[in-house]
Amino acid sequence: MDDPWRDAAGAGVWVPEQQGAARPPESAGERPPDGRAAAYLEVQDSAAFREVRSRYRRFAFPMTAAFLVWYLLYLVAATAAPGLMAHRVAGELNVAMVAGLAQFASTFLLTWAYARHARVRRDRIALDLRWSLATRTGQERVR
């Protein structure tokens with residue numbers, strides 16, 4: 001699979017230009033945004049940005065809720081049903097040990113699923129947005 005982040009590590013760290021001490025605007029709405037701020041606002045209002053944010057939320061919120069329910073179920077079962085959790089499954093292995101190991105396994109599975117979802121469903125659009133914003137604000141890196 002084509003990895004959109006392949007060249008991201010070589011890009012270096014972006015440091016904004018320092019143009020003196022920043023001061024807050026005198027009052028809201030008094031000055032129109034400068035070119036860079038207008039570009040950021042335009043990207044934030046774009047359909048592509050909303051799509052990236054929507055795809056993130058459609059994955060992250062349900063997965064977070066499912067994992068929290070699974071974790072709280074484990075805690076409640078360990079507290080409220082010690083007899084069930086002490087039930088032996090095989091040898092010295094009991095239900096509590098299996099559920100605890102399943103917590104670790106589900107954490108790694110969720111991490112893998114998140115990374116895959118980001119790579120397949122969001123990274124390409126996010127990199128396109130990043131590049132268009134960099135070219136509009138003069139922040140593209142010339143090699």
Rounded distance [0.5 Å steps], [atom1] in [X] versus [atom2] in [Y]:
X      : Y      : atom1 : atom2 : value
Met63  : Ser106 : CE    : OG    : 11.5 Å
Met97  : Glu92  : CE    : CD    : 9.5 Å
Trp112 : Leu109 : CH2   : CG    : 7.0 Å
Ser46  : Leu41  : OG    : CG    : 11.5 Å
Leu129 : Gln44  : CG    : CD    : 11.5 Å
Leu110 : His117 : CG    : NE2   : 11.5 Å

Check: [Y] and [X] side chains under 4.5 Å, non-hydrogen atoms:
X      : Y      : value
Tyr74  : Met85  : yes
Val98  : Asn94  : no
Leu72  : Leu75  : yes
Val52  : Arg55  : no
Tyr114 : Thr111 : no
Thr107 : Phe67  : yes
Arg122 : Tyr56  : yes

Q.
Please check this pair: side chain of Thr79 against backbone of Val76, looking for a donor-acceptor N/O pair closer than 3.5 Å.
A. no
Q) Do the side chain of Arg88 and the main chain of Leu93 share a donor and acceptor less than 3.5 angstrom apart? A) no
Q. Counting heavy atoms not belonging to Arg53, are there more than 12 under 6.0 Å from its CZ?
A. yes
**Q.** Working for side chain to side chain donor-acceptor pair (under 3.5 Å), residues Arg58 and Ser54
**A.** CA-CA 6 Å; Arg58 282 193 313 250; Ser54 172; 2.8 Å; yes
Q | Cluster link Leu84 to Leu73, ILVMFWY, side chain under 4.5 Å | A | no
